[in-house]
Colleague: 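This is the structure, below, for whatever I ask next.
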Number of protein chains: 4
Amino acid sequence: MTASETRLRADARRNRDQIVAAARQVFAAAGPDVPMEEIARTAGVGVGTLYRRFPDREALIRAVARESFAQVLADAREAAAEEPTAWDALVRLAGRSHQLQASVQLALVSERAREILKGDRQTAEFRDALLAELDAIVRAAQAEGSVRADIGTGDVAILLSLVLRRPSAVDDPTLLASERVAVLMLDGLRARPGSPLPGRPITGEDLQIH
Amino acid sequence: MTASETRLRADARRNRDQIVAAARQVFAAAGPDVPMEEIARTAGVGVGTLYRRFPDREALIRAVARESFAQVLADAREAAAEEPTAWDALVRLAGRSHQLQASVQLALVSERAREILKGDRQTAEFRDALLAELDAIVRAAQAEGSVRADIGTGDVAILLSLVLRRPSAVDDPTLLASERVAVLMLDGLRARPGSPLPGRPITGEDLQIH
Amino acid sequence: MTASETRLRADARRNRDQIVAAARQVFAAAGPDVPMEEIARTAGVGVGTLYRRFPDREALIRAVARESFAQVLADAREAAAEEPTAWDALVRLAGRSHQLQASVQLALVSERAREILKGDRQTAEFRDALLAELDAIVRAAQAEGSVRADIGTGDVAILLSLVLRRPSAVDDPTLLASERVAVLMLDGLRARPGSPLPGRPITGEDLQIH
Amino acid sequence: MTASETRLRADARRNRDQIVAAARQVFAAAGPDVPMEEIARTAGVGVGTLYRRFPDREALIRAVARESFAQVLADAREAAAEEPTAWDALVRLAGRSHQLQASVQLALVSERAREILKGDRQTAEFRDALLAELDAIVRAAQAEGSVRADIGTGDVAILLSLVLRRPSAVDDPTLLASERVAVLMLDGLRARPGSPLPGRPITGEDLQIH
DNA sequence: GATGAATGAGCTTTCATTCAT
DNA sequence: AATGAATGAAAGCTCATTCAT
């Protein structure tokens, strides 16, 4: 949250937050190309207000992404702090992931959004902090013997990001599809005789690149 | 392939195929909203020709989806026929999945595309055939004791569909990220003491619904 | 200066003047269509303040034009009073004209501004007073034999107005282009055998019309 | 006229010409900021057509300017070739100038247009050719003794450009104001004892700069 | 049958003006 | 009274689709 965002008048602040919330929701539902007007309407403001706050669509996308990443990061830190074992923290993250869907989906699903976020320092910082947090958890889990040794933090991140996505086309029949997938995935990560993995562990650093 | 498509003159046929191929490629690269003109250009024809063959964007999306599904179906049948065990067939499908990415991504990633395909009988037929084939493989694998009993074909389909998606933002550092994910997923499906799954197995029928 | 403008509190008065000065400057630099917000910013006030003082853009344009015309009028009177001959007064006016550029350009260059000023009684009064003053000078010059007889005050006004405009696109190489043009123009007005002029002298009255 | 402009289908060509003609007229009447829609309407086409031919307003402005300059250049060459003396050529140019108003005004009056044209090689070429032509005429006139020696081609160009502009605000009472101004100007240029000019002659090269 | 030109609706963005603080 | 936030109308530009060549 930059200084400029703190200095807003009370009502302006409220509007700004409504806009970001609306954008998050509408982006999740219909992708990052929805008419700005629809976002404005959802937020209960005029387009003009939206544009006063965010000079163009990209700025809005960045704002949504930043808030989302920040929230996930907070979640990860909480899990690490509160759970007794690293494995439990991982389980909690994976299990909760479907709540975070809408938040992060934006950054993952749309080519356009990805392109925009590449250039955004703040998003990058959140992402790096998140990877660092995850790295600590994964290493701890491997140290405690709960996670197989032949994977890296990058592998876990990729796996989590896949689960993060809405199990798509499916009108989830059991309403538990996400959880089931998460558990299956965790079972794959478990430390015990498993299939040999091709290549080498993908680390957190590998993902910094992009 | 409908009757009308069979009756085309050789050159018209060639045009049609170029268009679908171009659309598949361009959709994969830039999403299902790319300008029709760009598709036409990529295919080396004028927009007029494109519209003569496909009355609107939806028709084109349907055509691309049908071909993609048909190809995946063929692949699945081949795997089932040629591999010695059901487990091997499953491995082959999962391993090959990244080749199919571009093909099916369309149907999975875009809200819009999904909406369009819902109403398409032919796509539905391919999808149902595919689910039937997968169901046979999964049941066989469970019968032969290689796949855990507490999952259904729907669970497998969902998992496969997740892996099908490009492992996202990542400029794959090992170029094997997809394979690694696939193996981890298969390890999760393996028949052996695993974590208890919430809910009930998701069947193929569960997915027919929509 | 109307009654309402006299009654302003000192600070309000200061604001008003800053606004008009800013408008004059910004109009000159970027035409009469600049965003009101930019004018307000240049004046160091909020848009709200600007609008409190001038109900809309037209009012502001009128105010700027009035002040500019008033200034030119004062200049002309001073020249007539202080110079020994009418010719000298004319020379002084023409020579100084480039100082007045920014002031009057507004009224001359922009179709829109012209339209607005047509209906403004006060601007008209200044303009008429200016034409009367100029008429006196021209007639006196003709009486003293320094200006050719076949031209009217209207001709002179038109010539002056042309010179008033910035000699266009040119990054004036000698920084004297305006002066040179003015002198050449005066040479054309000189009383001595010249080319015959088409039509009849254009008088001051001719210009009242619009 | 570039190759691309030659290859247009007959009807497209016709439309293109109508658009440029309409733009010239509308620009002259209302400045370079008129709604594109109005230009399209005047040309009898849809906005889309306009934009297909000219990707944005700047491209259109460039096209209009090029054609206008080309026309003036042709005029100057014709005058030089057909008139018996250089002085007559000059008179003809000055006298005809009001026909050229609309054509060149665009380049002179609007700050925006000027900025755009600065970067346009083709416009620059026409302008340079025009200056070269004018230079030949002015030097010839000075050689034949009809034009004073203390001025340069640049001075003449500036003077002409002033006259080129519509004598503005005036609903020309004699309908001859332009001609009268032109003659007065020519009288100022005449070779005979005149007032001393400040600075040095402004040459054609001086004007190349911008 | 193929082509690419024309159309016009739709979306983004800007800015004059109003109004809450 | 001053400020700057909100609004919405208007203009730029893009692209799906139709149609003349």
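The structure displayed is predicted, hence computed values, not measured ones. Numbers restart at 1 for each chain; the letters A, B, ... are given by sequence-line order, proteins then strands.
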Colleague: Given atom CZ of B:F54 and atom P of F:dT18, what is their separation to the nearest angstrom?
Modeller: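 Roughly 16 Å, once rounded to whole Å.
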Colleague: Please list all pairs passing the side chain to side chain donor-acceptor pair (under 3.5 Å) test where one or both residues lie in residues 34-46 of chain C, with sequence neighbours left out.
Modeller: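 Non-adjacent pairs meeting side chain to side chain donor-acceptor pair (under 3.5 Å): zero.
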Colleague: In this structure, which stretches of DNA chain E are paired as stems of three or more consecutive Watson-Crick or G-U pairs, both distances less than 3.5 Å?
Modeller: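 When the pairs of DNA chain E are grouped into runs of at least three, the stems are E:2-21 with F:2-21.
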Colleague: Does a salt bridge link C:R57 with C:D33, judged by any charged N lying under 4.0 Å from a carboxylate O?
Modeller: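 No.
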Colleague: What is the distance from CG of D:D33 to P of F:dA10, rounded to the nearest Å?
Modeller: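 For the pair D:D33 CG and F:dA10 P, the rounded distance is 17 Å.
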Colleague: May I ask you to evaluate whether C:R52 reaches the phosphate of F:dA2, defined as a side-chain N or O under 4.0 Å from OP1 or OP2?
Modeller: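 Yes, such a contact exists.
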Colleague: Which whole-number value in Å describes the distance from A:L50 CG to E:dC15 P?
Modeller: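 Checked: the CG to P distance equals 17 Å.
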Colleague: Looking only at side-chain atoms of A:R57, point me to the closest of F:dT17, E:dC11, F:dC13.
Modeller: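 For A:R57, the side-chain atoms sit closest to E:dC11.
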Colleague: Within residues 35-48 of chain A, which residues have any heavy atom lying less than 4.0 Å from an atom of DNA chain F?
Modeller: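 A:V45, A:G46, A:G48 - these, ordered by number, are the residues of the stretch whose heavy atoms sit under 4.0 Å from the strand.
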Colleague: Taking CG from D:D11 and P from E:dT3, how many angstroms apart are they, rounded to a whole number?
Modeller: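 After rounding, the gap between these two atoms is 17 Å.
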Colleague: Compare side-chain N and O positions of D:N15 against OP1 and OP2 of E:dA6 and report whether any pair is under 4.0 Å apart.
Modeller: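 Answer is yes, contact under 4.0 Å.
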Colleague: Which nucleotide, E:dT13, E:dA16, F:dA6, lies nearest any side-chain atom of A:R53?
Modeller: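 For the A:R53 side chain, the nearest candidate turns out to be F:dA6.
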Colleague: Taking OP1 and OP2 of E:dT3, is either one under 4.0 Å from a side-chain nitrogen or oxygen of B:T49?
Modeller: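 Yes.
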Colleague: Between A:Y51 and E:dT14, does any side-chain N or O lie under 4.0 Å from OP1 or OP2?
Modeller: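 It does not, given that no N or O in the side chain of A:Y51 lies less than 4.0 Å from OP1 or OP2 of E:dT14.
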Colleague: Using heavy-atom distances to pick each residue's nearest nucleotide on DNA chain E, tell me which of A:D56 and C:P55 is more 5'.
Modeller: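 Here A:D56 is the residue nearer the 5' end.
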Colleague: When the distance from CG of A:L60 to C1' of E:dT12 is rounded to whole Å, what number comes out?
Modeller: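 Taking CG of A:L60 and C1' of E:dT12, I get 13 Å after rounding.
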Colleague: Nearest-nucleotide wise, let me know which of B:E58 and D:R14 is further upstream toward the 5' end of DNA chain F.
Modeller: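 It is B:E58 whose nearest nucleotide is closer to the 5' end.
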Colleague: Just how far, in rounded Å, is C1' of F:dT21 from CZ of D:R13?
Modeller: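 Rounding to the nearest Å, CZ of D:R13 and C1' of F:dT21 are 18 Å apart.
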Colleague: In terms of side-chain geometry, is the basic nitrogen of A:R16 or A:E67 positioned less than 4.0 Å from the acidic oxygen of its partner?
Modeller: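 Looking at A:R16 and A:E67, the cut-off is met.
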